[in-house]
Q: 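Pasting a structure below so you can have a look.
In what follows, residues are counted from 1 in the order of the sequence shown. What you are looking at is a predicted structure, and each value in this text was computed from that prediction instead of being measured. Just the heavy atoms: all of them, side chains too, but no hydrogens, waters or symmetry mates, feed the values below.
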Amino acid sequence: MAHAMTDPHHSPYKSTGGLRRVLRAWRYSLQGLGAALKHEAAFRQELALVVVLAPAAIWLGRDATEVLLLLFSMLLVLVTELLNSAIEALADALSVETHPLLGRAKDLGSAAVMLTLLFSAGLWLHVLIGRFQGNA
């Protein structure tokens with residue numbers, strides 16, 4: 001097996017492991033969340049929605065599974081928004097000029113966010129209907 005320094009397929013920026021790697025990864029993740037909060041209005045809006053809806057999920061869910069599904073569906077929206085924002089930032093770093101492939105990448109990321117929002121809304125609607133049909 002080739003040594004990392006001589007292997008042309010190994011990035012010198014990738015760490016090898018251990019506690020130091022975990023701590024760096026944690027720091028990078030927090031920097032990413034900070035950047036999303038600072039620069040991404042859509043992320044801030046969706047996070048505000050999570051803050052408002054999380055207590056509603058706890059009240060609305062009829063059991064732990066429903067509560068977790070509602071909470072995880074909102075988490076999935078945030079994760080997808082972060083990935084979409086990463087795609088947009090990378091595309092903008094490559095070029096701010098109009099390019100069909102960069103535009104397609106941004107559109108695909110946006111579509112992913114839309115689909116996760118629809119998934120989450122559908123799940124919330126399903127639980128909401130079940131909750132109030134069960135009480136009728």
Side-chain angles (χ1 to χ4, degrees):
M1 192 156 114
H3 185 270
M5 296 303 233
T6 60
D7 184 356
H9 301 290
H10 176 79
S11 169
Y13 300 105
K14 296 296 284 181
S15 61
T16 57
L19 183 58
R20 177 176 273 163
R21 188 206 65 77
V22 172
L23 293 174
R24 283 184 182 154
W26 180 256
R27 187 179 80 227
Y28 298 147
S29 297
L30 291 176
Q31 287 174 352
L33 286 172
L37 287 168
K38 182 177 181 180
H39 301 289
E40 302 298 332
F43 183 80
R44 289 192 302 272
Q45 292 165 348
E46 291 156 354
L47 184 61
L49 197 59
V50 168
V51 168
V52 170
L53 290 180
I58 295 167
W59 172 79
L60 187 62
R62 291 170 289 179
D63 58 27
T65 300
E66 281 189 355
V67 170
L68 288 174
L69 284 170
L70 293 173
L71 293 173
F72 287 159
S73 74
M74 294 185 301
L75 182 63
L76 182 61
V77 169
L78 293 176
V79 168
T80 309
E81 185 62 53
L82 287 171
L83 292 171
N84 180 48
S85 296
I87 290 167
E88 289 179 350
L90 184 58
D92 290 346
L94 292 173
S95 175
V96 292
E97 301 292 323
T98 301
H99 188 285
L101 291 177
L102 293 177
R104 184 188 313 166
K106 288 181 171 189
D107 291 347
L108 290 168
S110 181
V113 172
M114 181 190 67
L115 290 176
T116 56
L117 284 166
L118 289 172
F119 167 78
S120 187
L123 183 61
W124 275 80
L125 187 61
H126 173 76
V127 171
L128 188 65
I129 290 169
R131 165 83 173 192
F132 290 110
Q133 280 183 344
N135 290 343

Q: Do Leu53 and Trp59 belong to the same hydrophobic cluster, where Ile, Leu, Val, Met, Phe, Trp and Tyr are linked whenever their side-chain heavy atoms lie under 4.5 Å apart, directly or via other members?
A: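 Shared cluster, yes.
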Q: Taking atom CH2 of Trp26 as the centre, does the number of heavy atoms from other residues, nucleotides or ligands within less than 6.0 Å exceed 12?
A: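 At most 12 heavy atoms, drawn from other residues, nucleotides or ligands, come within 6.0 Å of this atom.
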Q: For Leu76, which residues count as a side chain to side chain contact (heavy atoms under 4.5 Å, CB included) partner, sequence neighbours excluded?
A: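 For Leu76 the side chain to side chain contact (heavy atoms under 4.5 Å, CB included) partners, ignoring immediate neighbours, are Thr80, Thr116, Phe119.
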Q: State, with a plain yes or no, whether a side-chain heavy atom of Leu82 is found less than 4.5 Å away from one of Glu40.
A: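 Result no, sub-4.5 Å side-chain heavy-atom pair not found.
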Q: If every non-hydrogen atom of Leu37 is compared with every non-hydrogen atom of Leu47, which pair is closest and at what distance?
A: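 Shortest heavy-atom contact: CD2-CD2, 3.5 Å.
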Q: Search all heavy atoms of Gly109 against all heavy atoms of Ile87 and return the closest pair with its distance.
A: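 That would be CA-CD1, 4.4 Å.
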Q: Got a second to check how far Ser73's OG is from Leu78's CG, nearest 0.5 Å?
A: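 Between Ser73 OG and Leu78 CG, I get 10.0 Å after rounding to 0.5 Å.
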Q: Give a yes or no on this: more than 12 heavy atoms of other residues, nucleotides or ligands lie within 6.0 Å of atom CZ of Arg27.
A: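 Check passes, neighbour count above 12.
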Q: Sub-3.5 Å donor-acceptor pair from the side chain of Asn84 to the main-chain atoms of Ser110, do we have one?
A: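 Yes, because the side chain of Asn84 sits within donor-acceptor range (under 3.5 Å) of the backbone of Ser110.
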Q: For the atom pair OG (Ser120) and CG (Leu118), what is the distance rounded to the nearest 0.5 Å?
A: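 Those atoms lie 9.5 Å apart.
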Q: Would you say the side chain of Met74 lies within less than 4.5 Å of the side chain of Leu49, judging by non-hydrogen atoms?
A: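 No, every pair of side-chain atoms sits at 4.5 Å or beyond.
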Q: Going by heavy atoms in the side chains, are Val50 and Leu75 under 4.5 Å from each other?
A: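 The answer is no; the side chains never approach within 4.5 Å.
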Q: Would you say Leu69 and Ile58 are hydrophobically clustered, going by side-chain heavy atoms of ILVMFWY under 4.5 Å?
A: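 Result: yes, single cluster for both.
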Q: According to side chain to side chain contact (heavy atoms under 4.5 Å, CB included), who are the partners of Leu101, at least two apart in sequence or on a separate chain?
A: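 Result, side chain to side chain contact (heavy atoms under 4.5 Å, CB included) vs Leu101: His99, Arg104.
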Q: Among pairs that include at least one residue of residues 29-38, which meet salt bridge (Lys or Arg N to Asp or Glu O under 4.0 Å), considering only residues two or more places apart or in two chains?
A: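 Every pair satisfying salt bridge (Lys or Arg N to Asp or Glu O under 4.0 Å) with a residue in residues 29-38: there are none.
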Q: Can you name the residues that form a side-chain hydrogen bond (donor to acceptor under 3.5 Å, both in side chains) with Glu66, not counting sequence neighbours?
A: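 Listed in chain order: Arg62.
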Q: For Asp92, give me all partners under side-chain hydrogen bond (donor to acceptor under 3.5 Å, both in side chains), at least two apart in sequence or on another chain.
A: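 Once residues adjacent in sequence are excluded, the partners of Asp92 under the side-chain hydrogen bond (donor to acceptor under 3.5 Å, both in side chains) criterion are Lys106.
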Q: By side chain to side chain contact (heavy atoms under 4.5 Å, CB included), which residues pair with Leu60, not counting sequence neighbours?
A: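 Once residues adjacent in sequence are excluded, the partners of Leu60 under the side chain to side chain contact (heavy atoms under 4.5 Å, CB included) criterion are Leu70, Trp124, Val127, Leu128, Arg131, Phe132.
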